[in-house]
Structure formats: C-alpha cells, structure tokens
Amino acid sequence: MARMKFLCDAERCIECNACVVACKNENSVPWGVNRRRVVVLDDGVPGEKSISVACMHCTDAPCAAVCPVDCFYTTEDGIVLHDKDLCIGCGYCFYACPFGAPQYPQKEAFGVRGKMDKCTFCAGGPPADNSDAEYKKYGRNRIAEGKLPLCAEFCSTKALLGGDGDMIADIYRKRVLKRGGRPQTWGWETAYKAS
Amino acid sequence: MKLIRKNSQASGAGSVSVGMPGEAIGRRAFLRRSGLTLGGTAVASMLPATMMRKAHAAEGYAPQAGVETVTRRSICTHCSVGCGVIAEVQNGVWTGQEPDFESPFNLGSHCAKGASVREHGIGERRLKYPTKLENGKWKRLSWDQAIDEIGDQMLKIREQSGPDSVYWLGSAKHSNEQSYLFRKFAAYWGTNNVDHQARICHSTTVAGVANTWGYGAMTNSYNDMHNCKAMIFVGSNPCEAHPVAMQHILRAKENGAKMIVVDPRFTRTSAHADLAVQIRPGTDVAIMWGMLWHIFENGWEDREYIRQRVYGMDEIRQEVAKWTPAETERVTGVPEETVKAAAKMMAENRPGTIVWCMGGTQHTIGNNNTRSYCVLQLALGNIGKSGGGANIFRGHDNVQGATDLGVLSHTLPGYYGLSAGSWGHWARVWETDLNWLKGRFDQAKVVGDGGKEVSPMNYKGIPVSRWVDGVNEDKNNIGQRDNIRCMVYMGHAVNSQSRGPEMKKAMEKLDLMVIIDPYPTHAAVMNDRTDGIYLLPASTQFETYGSVTASNRSIQWRDKVIEPVWESLPDQTILYKFAKKLGFADELFKNIKVDAGRDEPRVEDITREINRGMWTIGYTGQSPERLKAHAEHRATFNTTTLKAEGGPVDGDFYGMPWPSWGTPEMKHPGTPVLYDPSKPVAEGGLTFRARFGVERNGVNLLAEGSYSVGSEIRDGYPEFSDKVLKQLGWWDDLTDDEKKLAEGKNWKTDLSGGIQRVAIKHGCAPFGNAKARTVVWTFPDPVPIHREPLYTPRRDLLPQYATYEDRKRHYRLPTRYGSIQAQDFSKEYPLVYSSGRLVEYEGGGEEQRSNRWLAELQQDMFVEINPKDANDRGLQDGQMVWLSTPEGAKIKVMTMVTRRVAPGVVWCPFHFGGWFQGKDLKDKYPEGTAPYVRGEAANTAFTYGYDSVTQMQETKVTLCQIQAA
Amino acid sequence: MNTRGILAVALVTAAAGLSGCYEDADVTVHEPGKYKGAADPLLSQQASAREEALAKRFQIVQTDR
C-alpha cells in the first residue's frame, strides 16, 4: 500500500523557493501564510545547506493527538488533513508539530487567530473534491486528479520528492549510491514510524 | 535555536504597501538567523501583530468547478534557460499552472519566478491605461490620443534637432519578432540611437567571444553539461540566476564532474562546488592567467589542438609568464595552492566547460575578461566538444534573441554592422529603396570615433549605458547634431543603469519621456518632472505569441495564453500604431500583414522576414512551421543531446539552435555544439569561423589539418562566396534560380541560400574553417591584460596595472578612464562595492516586486557586509545605513552581516527601485501601480566606468563607505 | 510536588466542581486522534484506486529522461 511522504534532498536543494511559490500559486495562499518554506543552515559559509519544509504528514501525527476538537484525519495513504469548520484556531497543533507546519492567518486586529492552515499534500479537505468550497478553504485537490503536490512537481532540481515513500526511497538511494556519501533522510525519523 | 522573524517596518530598507502585512518570512531572515529547528517551536510567529487583510485578488481568478479548462503552452519570461510553461485557462482567465514535463529544458521544473508567472495575468499592479503626467498629476487618456500627442512632439523634435534626438530603447523582453521589428522601426525613423539591456549584461562577451572564434554566443547548452567532466563558473551564480540550469549541473556533478566556482562572494553556487575560489573583485584576467601559468608550467595544454585550431598562443604565453603564483596572489588574493588546484582540476578532467556571467562582463576591461576565459578553454582544447565549451549563460529570456536581431546601436539584425553593404543587404530583404532609407537619417556628416568624418547612418549610436550623457553632455562634444531630447523606454528598467543622480538630471532635462511597459517602472517616479511623461501599458509575452531564443541558441514558439489584460497592447501593435502616426507604416510593413481591426501585425510574417535575411548566423532555417512542430513534439527530443529520436521531427535538434543553415526547405537540424568538427555540417557539425582574414604577418589564420567530418576540403578554407564556388568548380551545383541571386554575393548576402546549400553539400561550413584567435589585434588590448578598476582600493598596483587614457569619442561620446583613476578615493571610501542577483527577482525587478508571491519572499533592500567591517563601524545586523560612493550618490539600505562577503567587500542586490537617495517614492506612482516592495536601486550609487570596446558599464567594482543612518 | 502534579490536581478539582453544576452529560469529549469533522470524499475512496495513477505520475515527475 502506498504511503505518501515528502523528502528533501539537501544535496540538490538550491534554496530557489520554487516550492514556496508553487504552493502559493496552486492553493491561493494569502500573503503572510506559508505552508512551505526553505530553511538554511550555515548561510554564506562552506557547508551551507538548505531544506524545504512543510507538513510532513506524520504517522500518528502529533497535531492530531493534541487537537481539542479532533479536526484531523489521515487518509489511507497517509495524508494528514483537517476540517477547518471544526478548527478553533487554538494553536495547540503548532506547539505539538516538530516541523512548525501549522499556520494561522490573522483574521483581524487584537491577535485573534484564524483557522489553522497547513500543507494538504495538495489533497484539499472535506468538501467535494475540487469543488469551489474546497478550493476556497484548502486549495487545489491534485491527489483527486491523480497528480502530486505542485511544490515537488515544480522543484527546480528535483530535490523535493513527494509521493509514495517506497518510490522516493528508491530514487534517493540511487542518487546517494551514485554520488557517494551518506543518506540523510532529513525529518523521516521524526515523521514516519515503521509500519 | 529558535527561528525568529525579522521585523520590517515602514522605516525599513524596502517598504511594503499598506494593505499588505509587514512581514511574512523574509527568506534572508531565515538565512541569517536560523538553524534547522528540529525541536520545532519554529518559524513561528511570522504573523505581524499589525493589521492584516487577506489577499483578496486571487478570489476572482480561482479555478471554477465544472468549467471547461483549456491548456496553453508558453515559455517562461524570467531567464534564458527557456523553461516550458503550461497554463490552464478558464473563460479567458489564467487559473492554473502545470509542469511542462515534456520540455527537454526544464522537464517540468521551475524556480520561484517560473512558478509565479500566472501572477502576471492576474496581478493588480499592472499599468492599466495610457496615462500621462500633467501638472504633477497622472491623467488617463486613450491610446489614440496618446499616440497622437507623442507623435506630434517627436515629429517636432525631429524637425528641430534631427532623428538622432529621439532615442529608442528596446528590450530583452521582446520576442524575436518584436526585437526585429523594433530595430527595423528605428532604421525607418532614421537613427542608430537604439539599444537594449544586452549592452549592460553580455556585450563584452559578444564582442570578446565573436572576435575570438566567430560567434558571440553560448557554444553548447545547459543539457550538454551532463557530459562535462569539469565545470568552472566565473562570476556566475546559477543557483540564483539560472536555477533550473542547476538541474543539469547537479546531474553532471552526480555523474562525477568536478565543480569550481570563482567569485568574490561565497555564493549559493559555491556551496555546491568542489572548490570555491574567492578572488578580489575585478581580477578575472589575473586569476585566468594565474591558472594558465600552472597549465603551461606543467605542460597540461593541448598542443595538437592548439597547433591545428588556435592562433597566437605564443603571445599569450609571454603575458602569462608574468603571472607567477606570487604575482597572482598579490593581485587576486588567492593563494598558490588554490590556483594550482583549480588549474589541475580543469586539466585532469576533460572535457570541461567554463560558465561566466555578469560578474565577469561588467567591467571597464570586460572584453579582456571574456577573452581570457576563451583562452583558458582553447589552451585546454575544450572548445568545439560536447561536455566542453564556453557556456555563457545569458540573462533575460530573450536577451540572446534581441542581441541576434540587432536591438543594438552598432549593428543591424544578424550582426551585419552598419556599413553601406549591410544597409544594402537589409534594404534588399525589406524591399525598401535604399535611397529613401538614407533620406530618413541626418544628412550632415559628423566626426566619428576614429576622428574621421562619418555619416550618421553608418555611425554607431549612443549605447544604453550612456544615454544619460547623450542628454547631459555639451552638444559640441558629442558625435551627433544635437542632444537626445526624447527617450522611449520600451521594456527597460532604468534602475539597471549606474549614476542615479546624473540620470535624474538627464530625465528632468528631456523634452519627453515615453515609457512602454506592463508596469510603470522606476523611471516614472525617480525624477521630479511635473509634465511630459507618458506611460503606455504593454502586454507581457503571455498575452501575445511569437518566438524566443534561449541561451543555448534554441528557438522556441510561444502560444498566446490570455488576451492582453486591461488596455495593454502587444509591442508589435504599439509599434504599428507609432509607425502609422509617424508616416512610415506602409513601408515598414510592406511584407507583413496587419489585422486592420486590431492594428496587429501578423507575427508569422515577421518570422518569415527574419528567415529571409539572417544568413550570417543561420536564423534562416527556423520557419514558424518548423518551430511549431518542435513545440508540439518536444517530448521526442533527447534531454542530453537535444536530438529528436524518431517522430515527425526526427534528427532535428530542439529549437534548431542557430545556425540552422540555408532555407527552411533545406531542413538543417540546427547546431547543438558550435565548432564541433566531429559531426558533418549538415548534421550540426562546425569549424571555427574564418572571420579575420586568411593570414597575419605571414602566419596562417586558417585551420591546419582540422576539418569537420565529411568535409571535401581536408584543411582550413576561407568563407564561401560566388568566386570561391567557381574556383572550386562547385558553381554549377547551384540551380539556375539560385545562380541569379548568388552572382556577386557571398554566404551572408546570397538571398537564395544557394551558396550555403552547396558548401554544406560538400561537407563545408559556409563561413570557412579557420583558427580561433587569442590575440584580437583590433582591440585596445590585443592580448587580454589586467587593469585595475577606475575606483580601486589597491593604489599600489597602479604603476603596473593602470587603466586606459581618456578617449575623446567612443560611441559618439567622450569616455573617461585615466582622469578618474588618477584621483585617490580609497581613504574616504575604503570598501569595494559590488552587486548581483537574487533568485526571486530579475533585472530591475519591477515585475517581480509587483508580483505578490515573489515580493513576499524578499521585502528589504540590503547590503551584505562582513562581520569585521560591521564591527569596525559599530553596525548591527538589520540596521539602516547610508552607503555612499565617490561621485556623491548615497543610498539608504539595511545591513545583512554575513561572511558570504570577504572583509573589505560589500554587496547589494540590484533589483530594487522605487526609492531614491533615502526617499520612498510610493506616492509618485499612478494609483494602484506601486510595486508591493520598493527599495533603493543599487545602481543609484554606482559610479562612472565603461568597457573599452562595448561601453558596458562597470557595476561590479567601485568604492564606497558605509555608516549608520 | 512538581508543577505538573499541581496542575493535575487543579484540573481534577475543577472538573469535579463543574460536573456538580451541570446535570446534562451531553458534552464533546476529547478523544485524541478520533476525527470528528465532515467526511472527505478522499476517505471514502480506496487509496488503492488512486495508487497506480499517482505512481505513474511520480515516474513522470522524477524521471530524468
């Protein structure tokens, strides 16, 4: 059974931000909310590395475990989604998330949080697939169209891999074999527990 | 470690428009302050406590359920890689982008800019209507009224001061057809005062490289880099400037290729390299000769290759002998072991390629730099080989095409030049009476660059880098009748030009400014005029169609994605309207159909006219029909060789990289690797061009014992003409019709294409088979030598490495060198000031800073400064500072303290605009058109300095001082 | 007693107090990980039904050709 995962190959990531913009474009994510971002280590000195980070769609997602209104669900192929109608914007999931994925649009002044927003693996949310309602709240549902997240599909160097975990691991293993060095499946140990 | 958001207030270095929240995650904020937060508290409070409003614009452009979606294909407009764009359109609205997996260039990928192109079609900050500045207020007017008013004023200026007083500044954002039409338009107006931004990006490359081996273009392709064993990047940072190229580069690296980056900064590309060589800015020739010193010392050069295919290497040896490891280190700052390691890496891993960009070209000795890169590759025997080559990455999406099609002040389309013969050739192609054309120009002769009298028609016009001086300089000192009085900026970012305060003065002196662009641009706001600026909304390339040439010389066809938005019009339509008003439309469009209802010329007709005239560089085989077939069957091309494997275009190379010799009927497949003799010319092989004669001082300039596969002449040979064909006994291979047109002509001027066809039939290159030359005897420095920049901190080097003497006239203008270098500014201005690119932005940045998805990622204009220099000045990271330069300009920017730059060097990105010397100009834009992000233009503070051959501006080295604001 | 202990005691006390005030037991009970939102059509579709399409798509995205 396929299990959807993300992997960012740090040897290939060039910090170009295509993934960030792809997400904005595809899901109409407003200014100030970033479902995906690129984080850099050792900027400007030898050893500089970058990684693209978003919701990793964890096994036994910690966000779901702490949600007081139980708005999270996981698809059969491992995509973690949530129902914004239920979400109360409490922010617990943000503190539970090891990747800092949940985002909260500021709805108005005085610091009131809006409903939580995060990467959907381009799989939308509860409303009918690719309905206007789904697009408005969650963005495009590419999974329902047989497509993969646009961030990974657009990645300039094919550093960001999104799809079935076994297929990703296979491609990544081949690359590591070819170029030497140790595999660094960043985030995988935290996100994905052996099934 | 916690990731902390960076505050960006209105007082920041850039400003974000009201209505948009102050801060998202500035990428730079991450870069500087973050490690990866495994613990995860995170990137967190990226939300400002200030007012926030949902970006509302997107809502009207959302894809609708149950509405038919059509798919259209275009090419990204942001750089020269040529990435395919797939657009989804519903009811004429651009609702989505999908990956173009079939494109052999990007295989579906995009960078941040490519991923954002849909915003151009739905963005709110576009210039919406023709607008003019009247009594300090922007006023909407109709197209007809605008063209009428502008045209009347132009005609008045023409009558009073002559046609050279109107300057036509074109663009690397034009399609090929628009570029060609623009150059032709300037010719019919009667001036050579026409140019575009290639002047300030790769003009020194084109001049240097064309004068070395024939053509001034990238020799191989991004895809061919898969075959490299070594890659050296000099002043090139593809991670930011050509991100999708990195896909090919990293594939090469994974195949085992070594990667060297030579740059004053430790760039994002350096981070991926095997060896990073950090030179002192402006010492490119020194580092090349330093590397060659080791190559010659160890006998690593390719002697047989040099004997057969290279002229003048002995003269190079003499110069290189001076560049001992000690001298190289003294000048460049790079220690011997690093220089030797780089030389060895290139020598031991062949074939290897060299890539260079604006870090190498934008210097007073830019032409020397580019030629020194060529010499390194010739010494190693790397040119004309797959996996080798000089892979010169061009900048804008069509800067190669606009250069090829002559949007330049010193040539007509196809690098024909401005001689009487060149005009004769094009007049024949245009079917226009040559005498009528002559009559369009100023008739009185003027004193030319060499001191001899010359007709304005045959005299190089003022280059874009110097239009400011064309306005400000005393008219008695310039090589034309009067000063420039009207500037037409069609797709141009003035903030890409140096000397901001001088430019402001020039703008205020002009009679008239006409800005034709999808956005108002920095030009509309940086001056204090109250009248006489017209803003005309142009469409983007997604709102029209035509062809575009990628850096590797492949030509791709764009479909129209959406109709022009608001009241914008495509460039060809705007040019037609002007030609009609100015009275030469019938002549200009003699062989181009114009849709009368829309005033829109038919693009395919223009392509075919290009095909009929561009024999020099083989833009003749790529008919619109063939180009469209390539677009349709792009999946059939191999992504390394670019050759179609089977299918309807079997055997062609993708986009028929020029030269695609002869007529379209000849079906030449294009030339994927220039000067590669391992293939027959008919199948894309080539030799070095015989461009510089056959002999010099008794030495043979033709190739010796080297020729392309299948050549019936098994040695060097000169270029082909009717006489050569007759001598060889091949004249009768021409048909009778061909003979009529070929008589008295050569491979460049024979409109039948017969001479080219017959030469290729016998396995020969139409342009001859010669040696590449390492010594360009027609240039100021025949052997490339190092000269210090005009503003240098190393006064100790001046006795040996001084700049040129001042020149009285160069491209119509006095040009200063020595008189500037004579003054010592290094005490008051001790820091070297350099500039470069950010991945989210391009050029002057108006498009991207007006694109909400990109603008959010890069909100502040900043200066990179080493911790040492910051500490010496008591400066903190993220603090506002004044950066001032010796000619009196100053800009207010935010510090970014980083080791990316060496001590003594500071660096700014050059994409910002909308501020001028400390002032945000937001209120000066027409309502609703101010870019989301504005900031000081780096070039406002850049100083005087121009290349000795092309007038390329020096924007990589000057001096500055920085102090807290 | 550590902070966590104090907190636990306080919560229990509060809960007891509240339960004393209300007769109605019909409250939302937090059950970690048990989804309470609307049904997503993706959930009713067997993941295996889209597995092949997505695998094919992955090949297209990642194949260097």
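The sequence lines fix the lettering, A, B, ..., with proteins before strands; numbering per chain opens at 1. No hydrogens, no waters, no symmetry mates; every other heavy atom, side chains included, goes into these values.
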Could you check which of [options] has the highest count of heavy-atom pairs closer than 4.5 Å to chain C?
| options | answer |
| --- | --- |
| D60(A), D77(A), N141(A), T74(A) | D77(A) |
| D85(A), L161(A), D164(A) | L161(A) |
| I79(A), I171(A), L81(A) | I171(A) |

Original post:
Once the angle between the rings of F121(A) and F6(A) is folded into 0 to 90°, is it parallel (under 30°), tilted (30 to 60°) or perpendicular (over 60°)?
Top reply: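 The rings of F121(A) and F6(A) sit tilted, inter-plane angle from 30° to 60°.
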
Counting only non-hydrogen atoms closer than 4.5 Å, does [X] touch chain A with its backbone (N, CA, C, O), its side chain (CB onward), both, or neither?
| X | result |
| --- | --- |
| L43(C) | side chain |
| A55(C) | both |
| Q45(C) | backbone |

Original post:
Between K136(A) and D132(A), is there a salt bridge with N-O shorter than 4.0 Å?
Top reply: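 No.
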
Subject >> Ion pair check, D117(A) and K84(A), cut-off under 4.0 Å >> reply: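 Here D117(A) pairs with K84(A) in a salt bridge, since their nearest N and O are under 4.0 Å apart.
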
Subject >> Contact winner vs chain A - G37(C), A39(C), P41(C), heavy-atom pairs under 4.5 Å >> reply: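 Among G37(C), A39(C), P41(C), the one with the most close pairs to chain A is P41(C).
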
**OP:** Using ring-ring contact (aromatic ring centres under 6.0 Å, His included) as the criterion, list what pairs up with Y73(A), not counting sequence neighbours.
**Re:**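 Partners of Y73(A) by the ring-ring contact (aromatic ring centres under 6.0 Å, His included) criterion, ordered by chain and then number, come out as Y35(C).
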
Subject >> Residue A152(A) versus chain C: region with a heavy atom under 4.5 Å >> reply: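 Backbone of A152(A) only, per the 4.5 Å heavy-atom cut-off to chain C.
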
**OP:** Could you note down all residue pairs passing salt bridge (charged side-chain N to carboxylate O under 4.0 Å, His left out) where residues 148-162 of chain A supplies at least one of them, sequence neighbours left out?
**Re:**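 Counting only pairs at least two positions apart or across chains, the salt bridge (charged side-chain N to carboxylate O under 4.0 Å, His left out) contacts touching residues 148-162 of chain A are R142(A)-E153(A), E153(A)-R57(C).
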
**OP:** Establish, from distance only, whether the side-chain atoms of R3(A) and T59(A) form a donor-acceptor pair under 3.5 Å.
**Re:**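 Per modelled atom types, R3(A) and T59(A) side chains form a pair under 3.5 Å.
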
